[in-house]
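The structure under discussion appears below in the form of structure tokens.
Numbering of ligands and ligand atoms starts at 1, following listing order. Nothing fancy with the numbering, it's 1 onward along the sequence. Predicted model, so just to flag it, every value in this text is computed and none were measured.
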Amino acid sequence: MNVPRHSQSAEVARVAALQAEFNEKRWVWVPDEKEGYLAGWVNQEDEVTAQVVMSAGGEIRRVPLYALSKMNPPKFDRVDDIADLTFLNEASVVHNLRLRYGSGAIYTYSGLFLVSINPYQNLPLYTDAIIQQYRNKRRDENPPHIFAVSERAWVNMQNEHENQSILITGESGAGKTESTKKVIQYLSAIATDAHPPGTLHAHSPSIPSSGFPRGTSRRKSVSFAGSGDSLTAKGRLGLLERQIIQANPILEAFGNAQTQRNNNSSRFGKFIRISFAPDGSISGANIDWYLLEKSRVVVRSPAERNFHVFYQLLSGGTPLKDSLLLDGGIEDYEFLNRSKREVDGVNDRDDWDTLIVS
Ligand SMILES: Nc1ncnc2c1ncn2[C@@H]1O[C@H](COP(=O)(O)OP(=O)(O)OP(=O)(O)O)[C@@H](O)[C@H]1O
């Protein structure tokens with residue numbers, strides 16, 4: 001985006017002023033129970049402690065030297081890659097991530113890695129236009145994004161003729177499942193793009209989500225294979241691309257559940273493998289799943305639910321419900337009625353419809 005000239009000079013002046021103020025003092029990060037870290041400057045110090053004047057409010061604190069972290073100059077604020085920081089300490093990393101998150105930048109690089117902070121709201125970051133923005137671009141040509149990581153994997157696969165892996169990790173509710181969907185969304189869109197112009201037109205699918213998961217302690221898998229071309233002439237995603245995307249509501253229905261940390265928590269691990277043909281189109285896909293939390297079927301915390309599919313079936317599953325002789329509601333079944341039954345923002349009936357379509 002082109003920044004108007006006067007804004008650029010105002011920004012330069014602002015940074016210069018901050019820099020001048022920064023140069024005057026010895027700035028540090030001070031650990032704080034409530035805020036994590038607070039900014040301050042060292043007024044005096046002896047061999048083991050420092051007297052620090054807190055930036056907000058001017059309060060004076062005496063802090064052990066070992067607890068202080070050096071602060072980076074203001075020109076490093078909101079830096080795209082944490083690895084670029086001069087002082088690479090936890091406080092500076094947290095400060096940078098916090099500043100970026102506050103301005104809607106949920107993605108930040110950390111060397112080869114991408115750090116993603118869950119925004120808990122739908123941001124306009126995954127549109128067709130954004131996909132095109134990352135297509136055929138180097139990492140440093142755009143702001144950090146999961147699409148840049150996906151693009152890199154795609155390019156490496158084509159250039160090096162080697163399989164590529166993207167490892168997505170984090171605590172429950174961090175956004176792993178959503179990130180996985182974004183990777184598939186990107187690869188599906190650009191793989192479709194790989195067809196000759198005119199045979200199809202790419203649009204980015206948004207990946208549906210519904211019920212919940214699957215799993216057993218043994219590894220299980222589902223595969224798709226065949227030609228992805230059959231629907232592309234109609235300007236839609238190829239069959240395989242759609243199959244991969246539509247597998248999600250099924251996996252989530254049988255394998256995900258509402259927990260205290262995440263309304264749609266995956267209760268199993270999964271390994272998704274997508275195969276590409278030499279022309280760049282998707283030629284097959286395979287999803288392995290493992291370590292399903294089977295005990296959830298019979299016991300769970302009262303504040304959590306069983307796997308989504310049970311509630312979906314009972315809310316919207318007629319006539320299957322009838323043929324299974326299930327004539328009651330959630331309240332009539334012991335495996336369901338001893339814990340939470342409904343989740344805010346989740347419509348089990350709609351999710352059942354999505355599951356059946358998938
Ligand atoms: N990029 C994002 N944009 C908008 N909302 C998001 C994003 N990432 C995560 N969320 C929100 O956070 C919720 C939890 O994310 P997700 O299910 O991906 O976590 P997870 O790491 O897979 O958790 P678990 O390990 O429990 O399965 C999502 O249901 C969604 O509401």
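The presence of a protein heavy atom under 4.0 Å from atom 24 (P) of ligand 1 is confirmed.
Heavy-atom distances between Gly170 and ligand 1 stay at or above 4.0 Å for every pair. Residue Arg261 places every heavy atom at 4.0 Å or more from ligand 1. Residue Leu123 places every heavy atom at 4.0 Å or more from ligand 1.
Counting only residues at least two apart or in different chains, ring pair (Phe, Tyr, Trp, His ring centres under 6.0 Å) contacts with residues 166-191 comprise Phe147-Tyr186.
With respect to Asp32 and Arg61, a salt bridge is recorded, a charged nitrogen being found less than 4.0 Å from a carboxylate O. With respect to the salt-bridge test (charged N to carboxylate O, under 4.0 angstrom), the residues Arg341 and Asp348 do not qualify.
Both the backbone and the side chain of Thr177 come within contact range of ligand 1, each with a heavy atom under 4.0 Å. Counting heavy atoms under 4.0 Å from ligand 1, residue Pro119 touches it through the side chain alone.
Checked against a 3.5 angstrom limit, the closest N/O atoms of Tyr120 and ligand 1 fall outside it. In terms of polar-atom proximity, defined here as any N/O pair under 3.5 Å, Lys176 does make such a contact with ligand 1. Of the polar atoms of Asn122, none of the N or O atoms is found under 3.5 Å from an N or O of ligand 1, judged by distance alone.
With 3.5 Å as the limit, one finds no donor-acceptor pair spanning the side chains of Thr354 and Asp351.
Distances from atom 4 (C) of ligand 1 to the heavy atoms of Arg267, Gln121, Glu178 put Gln121 nearest.
Clustering of Ile, Leu, Val, Met, Phe, Trp and Tyr by side-chain heavy atoms under 4.5 Å joins Val52 with Val28, Val30, Leu38, Val42, Met54, Val63, Leu65, Leu68.
Each of Glu304, Arg300, Arg305 was checked for a side-chain hydrogen bond (donor to acceptor under 3.5 Å, both in side chains) with Ser339, and the lone residue meeting it is Arg300.
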